[in-house]
2 protein chains.
Amino acid sequence: MKTLRLNSNDKAVLLGSRFFETLSAAASDAILEGAVVTNHEEHDILFQQDEPVDSVFCVLSGLVRVYRLGKDGREADIAVFPKGELFGENAMFLGNRATANAQAIGSSTIARLDSRNLRKLAEQYPDIAQALMELLCRHGQMAEDCLAEDRLLTAPQRVASYILGHCPDGSTTFSFRLPFQKNVLAGKLGLAPEALSRAFSALRRSGVTVKGRMIEIHDRQALERF
Amino acid sequence: MKTLRLNSNDKAVLLGSRFFETLSAAASDAILEGAVVTNHEEHDILFQQDEPVDSVFCVLSGLVRVYRLGKDGREADIAVFPKGELFGENAMFLGNRATANAQAIGSSTIARLDSRNLRKLAEQYPDIAQALMELLCRHGQMAEDCLAEDRLLTAPQRVASYILGHCPDGSTTFSFRLPFQKNVLAGKLGLAPEALSRAFSALRRSGVTVKGRMIEIHDRQALERF
DNA sequence: AACGTGATTTGACCTCGATCAAACAATTTT
DNA sequence: AAAATTGTTTGATCGAGGTCAAATCACGTT
């Protein structure tokens, strides 16, 4: 695995990400100082539970799945990160040990930001500390949202909720393309692929059309009621 | 509802909590400046989803349950906080809006730390920012742990995992008292009370004895294998 | 266009945990 | 101590979703 320096496109993705949007150029440069990039094939493991990890990661292209392993080898997805998202920041606060596994979905480019450096900079620049707190908070919320949905909603309801999350507020009719295979969506929603498929077909009766990765909504209301 | 100043016992609980343990006396005092205390009866609501919240909370005595509401009125617990734990810090980073409900379990004493003040102090004292990051990280982890357990473990396995979490590493035999009603434990584990009861009786065959709130383990190994 | 591989759907079956009802136990109240 | 209230357990039933197998579908290759 070759590790490269950031090229200008990599840098643009990083600086365009939510994490960097509130940071001064000086703070951003200081963080990116010494950042490296690696390329990964589908299914490559980025880090594993309990392993030492001394970076915070950012998806520059592709997709990353973060998951835990059960005793029996089954996997539970914690989150899926698209291009422009930071992840793996938890290890930074827990003795540099990963608390989950991370795997590339499809071929992906990943940036690594040195976490020692980042921690030091957070003491110097209050903005960086603030950005880190917001990152941690968002990720915490994501997990809480998932937990609440798992406990409160049925499979079709979770799928409806996912779809609605991609549908702008005003429109009653809307269509979009899934950003990944149904496979991956199923994992993210805590479902077996078969259950996702059945959920889609249950939603068909409420005006949802699915063709390949294209999703069409004909009646937002009906979906919200579901 | 009367709001009081911190008395010396309140202050001791706060300063003894995990959040304050790494902070200088100056930083701690600055945070506690202007903190207030309220007393609550069983089932009192401390805050509700989407409501404005401008404090971070700390349990001084009693117990607090944080949960989300489903469309149908069902409730899903996100976390349960015992004496000495801070909670409700998420609102501070999300426009001062609560993303969940919080309710006293049994009569409880709650401290409120002004979040505007805390945010300002976090810019001044890197230690406070650091403590906040660790708090956010721990709470994020708690949610991720729950999510993974929900998705990977059966009810008896989740209960076994809960019990093992209270059992020191060395011992094969061990006993402890549940810190709350089974009722509450069931909610925390995402189970109906009946399912918790059945889980306990399934574990009886693996050397777990339950009498009221007392739990006895006779064979740690067996429990880990479960 | 015919193949081959992998993704998705469908069908059949089965397990886990929710729900409702009732029995039972442990409290608090009177 | 008896009564009343609240918490816990047990039984019976049911539905959601997992699993396995087979059928289809979708695509990139030849």
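Each chain gets a letter, A, B and so on, in the order the sequences are listed, and its residues count up from 1. Computed over heavy atoms, backbone and side chain alike; hydrogens, waters and symmetry mates excluded.
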| query | Within the side chain of B:Arg68, is there an N or O that forms a donor-acceptor pair under 3.5 Å with the backbone of B:Gln49? | reply | no

| field | Residue closer to the 5' end of DNA chain D, A:Pro156 versus B:Pro193 (nearest nucleotide) | value | B:Pro193

| Pair A:Asp169 + A:Arg220, salt bridge at N-O below 4.0 Å | yes

| query | Is it the case that A:His218 and A:Glu216 place a side-chain donor and acceptor less than 3.5 Å from each other? | reply | yes

| said: To the closest 0.5 Å, what do you measure between CG (B:Leu46) and CG (B:Asn101)? | reply: 10.0 Å

| message | Using a distance-only criterion (donor-acceptor N/O pair, under 3.5 Å, no hydrogens), is the base of C:dT15 paired with the side chain of B:Arg198? | response | no

| field | d(CZ, B:Phe180; C1', D:dG7) in whole Å | value | 16 Å

| query | Distance check: side-chain N/O of B:Lys182 vs OP1/OP2 of D:dT9, anything under 4.0 Å? | reply | yes

| What is the distance, rounded to the nearest whole Å, between atom CG of A:Asp72 and atom P of C:dT15? | 17 Å

| task | Can you tell me the distance, in whole Å, between the CG atom of B:Leu153 and the C1' atom of C:dC16? | result | 13 Å

| said: Applying a 4.0 Å non-hydrogen cut-off, can you work out what B:Leu196 is touching in the nucleic acid: base, sugar-phosphate, or nothing? | reply: nothing

| Rounded interatomic separation in angstrom, taking CD from B:Glu194 and C1' from C:dA21 | 10 Å

| query | Nearest-Å distance, CZ (B:Arg213) to P (D:dT9)? | reply | 12 Å

| request: Just compare C:dT10, C:dT19, D:dT19 and give me whichever is closest to any side-chain atom of B:Ala192. | output: C:dT19

| said: From C-beta outward on A:Asn183, which listed nucleotide comes closest to its side chain: C:dT19, C:dT8, D:dT9? | reply: C:dT8

| query | Given atom CG of A:Leu191 and atom P of C:dT8, what is their separation to the nearest angstrom? | reply | 14 Å

| message | Using the side-chain heavy atoms of B:Ala195, tell me which of these nucleotides is nearest: C:dG17, D:dG17, D:dG18. | response | C:dG17

| request: Starting from the 5' end of DNA chain D, give me the residue, A:Gly212 or A:Ala155, whose nearest nucleotide shows up first. | output: A:Ala155

| field | Parallel, tilted or perpendicular, as decided by the 30° and 60° cut-offs, for the rings of A:Phe174 and A:Phe176 | value | parallel

| query | Could you state the CZ-P distance from B:Arg151 to C:dG17, rounded to the nearest angstrom? | reply | 16 Å

| query | With a 3.5 Å cut-off and just heavy-atom distances, do the side chain of B:Gln157 and the base of C:dC16 make a donor-acceptor pair? | reply | no

| note | A:Arg177 CZ to D:dA26 P, in whole Å, measures 13 Å

| Can you find an N or O donor on one side and an acceptor on the other, under 3.5 Å apart, linking the side chain of A:Arg74 with the base of D:dG18? | no

